[in-house]
**Q** 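Have a look at this one.
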Amino acid sequence: MIEGTMPAGAAEPCRVLMIEDAVAEAALIHKMLRRDETRAFEVVHEVKLAPGLKRLESEHFDLVLLDLNLPDMSGPSGCQRIHRISPLIPIVVFTNQDSEELALQAVREGAQDYLIKREIDAKSLNRAIRYAIERQRTEARLRESEERYALAVAGANDGIWDWDRKAGRVHYSPRWREIMGVATGEPIENRFEEWLNRIHPKDRGAFESALDDILHGNNDHLEHEHRIRVANGQTQWVLVRGLAVRDRDGKVLRMAGSISDVSRRKNAEAQLLHDAMHDALTKLPNRALFMDHLDMSLRRFQRDQAKLFATLFFDLDRFKYVNDSLGHAVGDQLLVQIAERLKNCLRPGDTLARLGGDEFAILLNDIVGPTDAIYVAERVQEQLARAFQIDHHSVYTSASVGIAVSSASYRRPEDILRDADLAMYRAKAEGHAKYAVFDTHMHQRALAQHRLETDLRRALEVGEFELHYQPIVSMDSGRVNGFEALLRWIHPTRGIVYPDNFIRVAEETGLIVPIGWWVLGEACRRISDWRRLFPLDPPLSVSVNVSGRLFLTEDLPKRLSALLDQWQLKPDSLKLEITESVVMDHGDLALSALSALKALGIQLHIDDFGTGYSSLSYLQRFRYDTLKIDRSFVTSMSEKVDSSAIVEAIVTLGNTLGMRVIAEGVETTEQVSRLRAMRCPEAQGFWFSRPLAEQDVAGYLSADVRPVRE
Ligand code: C2E
Ligand code: CA
Ligand code: CA
């Protein structure tokens, strides 16, 4: 039975399914709908539920009007059965006056509204229908938006919280529980404390004050990162975002937002920070972190001068030797093991750091005085004195330690480290495994060194250097075989400055390299003149002192051969003097430099022989050309501590191994005759001649050579 009422021009009519067995009622309602001027209705009427449901299955309706008392159904269950077929359809139920309770129940079961029979009038019917449809639409929209929201939230992997402040209740989403580490099934209360209590005690205060900011109206957006404690003592980082909803007075009624698990990001950040502050090899704090700690100690000391601290700076003696001879892997292992041992020398508040290479530093806090630092320095040295076992090698090492103690004059942490470093150099100068405490003396010396460095640079630029030449004489004939070139600095105010006063600084600053090349160039220029003027047999040669730094530069052989070419010199014109320790300290590197020079035909003199620690095996391996007996042995030949035996031993050694031997520093006739008796082939010293200024050499040679020619 279908009847339509449709005023002209209206949109789609509203299709209503009316299930009502009382025919009179049905007619009445139908009439009311037909008269409705606001809207067109198309009403389909059934007297029983079953055919009504059947229609619902196949037709579209906008609304169901349902009598709760039908021949095939009575009670509210009809609503459910309708919704089972058409879940979203709005339902308005009719009921008798005496069963309003039933109608309410129907509403709970899904009906949108109810009307009481006999009280129905056109207005209330119209209102109920409109309302039901509207309400259903709103619900649908809400449901849709809720679903969309839920999907978005699930996709974003965030937990949701919603705090109804007035009611004092919080809704926590399942993902919130998951992030917070709440076990499934574990009951939690919907109170805010549930959250607060899970926050790491160290972060709780900050979170509460961020919340307070919002509650006091300073801010509407909450954004905060904090740690929460999850199961078995672990922590997790979360990022919380939220928004406050206020009443007209600005009071926060509600706050809601999200929570996300940011542990991975936080851990990565922490790792990055850790890596930036630590040494990858030993895992110790690095220079940056050490400086940071030092800065803190300094500030503490500036506030309270009773809080003394000390910095120990140490540098391994001959670490390069380990690296060169046993390989970098062993060197690395040594550093790792050293770090382990040194940790044991320290108290919990102290900092041990690797500053780079073979440099370490210790920061000692709360010391009583310098003696505490000395005590630790001694302990460090004891620890290092025991052999390290690495890959079946027993590796020995030692360290030179510099100590700087807190003082009111320090403004910056860099200054303290600089002074500890200075003291370390001082300790190193005294030999291996020593320590030195910084004093202002050292500071003054450092300042003087700095001035010297600037001066030296200038000297090189404006040409204040000169070479003097000391003859090297053959003991048999008394004839000059060559000269040792000795550097002099003609200082504008200080006069002649001898190398002992500036070579060390030149070496430390690297200036020794350009200076060295100047010396080599100058010596070559001179010897080429003298060889031309005094063609002797064997020809004259010049010996040049070469520092370790220059000796180990990679392009030394190449540049030397270019230099010889430049002055058209045979390689036997030039001899290089290096000290034993250069060779000893740089093992393999020195060996390759030596063989490159040998290949060029340039001879090598080992200077100051006897003062180092050359082993016989080294001598055999390196095969130098000449040993220069150190002056100290020659000098003390005639003294109480008679070194004649040493001198004689070196002479014999040289003769046996096929090396030339030169005795240095010969000053007396007695020394000359003793050396002759020992059959020392060559000598050099004031007795023969002082070092000569360049312009005096030709005269010396003329005088010296003439008798030979006679
Ligand atoms: P050295 O190589 O052992 O040089 C010998 C030093 O002993 C020279 O001192 C020389 O003047 C001095 N001497 C020579 N005969 C006697 C003597 O009979 N008695 C005494 N008491 N001394 C004598 P100088 O010129 O002051 O050089 C000192 C050191 O400076 C040299 O020791 C050498 O190691 C270094 N040196 C000199 N010139 C250069 C250079 O051009 N480059 C580098 N790297 N070092 C240099
Ligand atoms: Ca020398
Ligand atoms: Ca010497």
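For ligands, and for the atoms within them, numbers begin at 1 and follow the listed sequence.
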**Q** Can we say D439 and R426 salt-bridge, meaning some charged N sits less than 4.0 Å from an Asp/Glu carboxylate O?
**A** no
**Q** How does R690 reach ligand 1, by side chain, by backbone, by both or by neither, if only non-hydrogen atoms under 4.0 Å count?
**A**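 Under 4.0 Å from ligand 1, R690 contributes no heavy atoms.
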**Q** I want to check something: taking the side chain as every heavy atom from C-beta on, are C524 and L563 in contact at a cut-off of under 4.5 Å?
**A**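 Yes, close enough: below the 4.5 Å cut-off.
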**Q** Just to be sure I read this right, does ligand 1 sit under 4.0 Å from the backbone of D607, its side chain, both, or neither, counting only heavy atoms?
**A**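 Near ligand 1, D607 shows its side chain, while the N, CA, C and O stay back.
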**Q** For ligand 1, which part of T579 has a heavy atom less than 4.0 Å away: the side chain, the backbone, both, or neither?
**A** neither
**Q** Starting from the Ca ion (ligand 2), look over the N/O/S atoms of D607 and name the nearest one.
**A** OD2
**Q** Check step by step if salt bridge (Lys or Arg N to Asp or Glu O under 4.0 Å) holds for R526 and D529.
**A** CA-CA 5 Å; R526 282 294 152 227; D529 286 351; 2.8 Å; yes
**Q** Against ligand 1, does H468 come closer than 4.0 Å with any heavy atom?
**A** no
**Q** List ligand 1 atoms under 4.0 Å from V666, heavy atoms only on the residue side.
**A** 18 (O)
**Q** List the steps, then state whether side-chain hydrogen bond (donor to acceptor under 3.5 Å, both in side chains) holds for S474 with S477.
**A** CA-CA 6 Å; S474 164; S477 59; 3.3 Å; yes
**Q** Just wondering, is there an N, O or S atom on E577 that's nearer than 3.0 Å to the Ca ion (ligand 2)?
**A** yes
**Q** Quick one, V401 and F313 - any side-chain contact, counting heavy atoms below 4.5 Å?
**A** no
**Q** Are P471 and L692 side-chain neighbours, meaning at least one heavy-atom pair lies under 4.5 Å?
**A** yes
**Q** Check E664 against ligand 1 and report side chain, backbone, both or neither, counting heavy atoms closer than 4.0 Å.
**A**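 The side chain, only.
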**Q** Would you mind running through ligand 1 and noting each atom that sits below 4.0 Å from a heavy atom of E667?
**A**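 Listed by number with element: 17 (C), 18 (O), 19 (N), 20 (C), 21 (N).
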**Q** Report whether any nitrogen, oxygen or sulfur of E484 sits less than 3.0 Å from the Ca ion (ligand 2) (N, O or S, backbone or side chain).
**A** yes
**Q** At under 4.0 Å between heavy atoms, which part of N545 makes contact with ligand 1: side chain, backbone, both or neither?
**A** both
**Q** Below the 3.5 angstrom mark, is there an N/O of R488, backbone or side chain, next to an N/O of ligand 1?
**A** yes
**Q** Which ligand 1 atoms does P691 reach within 4.0 Å, using its non-hydrogen atoms?
**A**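 Under 4.0 Å from P691, ligand 1 has these atoms: 11 (O).
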**Q** Please identify which atoms of ligand 1 are closer than 4.0 Å to at least one heavy atom of P499.
**A** 24 (P), 25 (O), 26 (O), 27 (O), 28 (C), 30 (O), 36 (N), 37 (C)
**Q** Quick one: which ligand 1 atoms are inside 4.0 Å of a heavy atom on V519?
**A**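 Per the distance check, 41 (O).
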**Q** Give a yes/no verdict on whether any heavy atom in G516 is under 4.0 Å from an atom of ligand 1.
**A** no
**Q** Does the side chain of K575 reach to within under 4.5 Å of the side chain of E484, using non-hydrogen atoms?
**A** no
**Q** Please confirm whether the ring centroid of F483 lies under 6.0 Å from the ring centroid of W530.
**A** yes
**Q** Can you list the atoms of ligand 1 that are under 4.0 Å from a heavy atom of I503?
**A**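 Going through ligand 1 atom by atom, the ones under 4.0 Å from I503 are 43 (C), 45 (N).
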**Q** Kindly confirm whether the Ca ion (ligand 2) is within less than 3.0 Å of some N/O/S atom in S543?
**A** no
**Q** Hey, is D317 close enough to K428 for a salt bridge, meaning N to O under 4.0 Å?
**A** yes
**Q** Is D608 touching ligand 1 with its side chain, its backbone, both, or neither, if touching means heavy atoms under 4.0 Å apart?
**A** side chain
**Q** When only distance counts, is F686 in polar contact with ligand 1, meaning an N/O pair under 3.5 Å?
**A**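 Among all N and O atoms of F686, at least one is under 3.5 Å from an N or O of ligand 1.
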**Q** Under 3.5 Å, is there a donor on one side chain and an acceptor on the other for K628 and Q684?
**A** yes
**Q** Record the part of L550 in heavy-atom contact with ligand 1 below 4.0 Å; permitted values are side chain, backbone, both and neither.
**A** neither
**Q** Quick check: Q684 and ligand 1, any N/O pair under 3.5 Å apart?
**A** no
**Q** Any N or O on W687 sitting closer than 3.5 Å to an N or O of ligand 1?
**A** no
**Q** Between D421 and R418 (salt bridge meaning N to carboxylate O under 4.0 Å), is one present in this structure?
**A**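 Salt bridge flag = no for R418 with D421.
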**Q** Salt-bridge test for K558 and D555: reply yes if a basic N is under 4.0 Å from a carboxylate O, no otherwise.
**A**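 No.
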**Q** Which ligand 1 atoms, with their elements, are less than 4.0 angstrom from a heavy-atom of Q470?
**A**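 Heavy-atom distances to Q470 below 4.0 Å select 14 (C), 15 (N).
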**Q** So, regarding L487 and ligand 1 (criterion: nitrogen or oxygen to nitrogen or oxygen, under 3.5 Å), is there a contact or not?
**A**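 In this structure, L487 places an N or O atom under 3.5 Å from an N or O of ligand 1.
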**Q** Are any of the side-chain nitrogens in E453 or R457 under 4.0 Å away from the carboxylate oxygens of its partner?
**A** yes
**Q** Can you say whether the rings of F465 and W489 are parallel (under 30°), tilted (30 to 60°) or perpendicular (over 60°)?
**A** tilted
**Q** Verify the distance criterion only: is there a donor paired with an acceptor across the side chains of T282 and D279 at less than 3.5 Å?
**A** yes
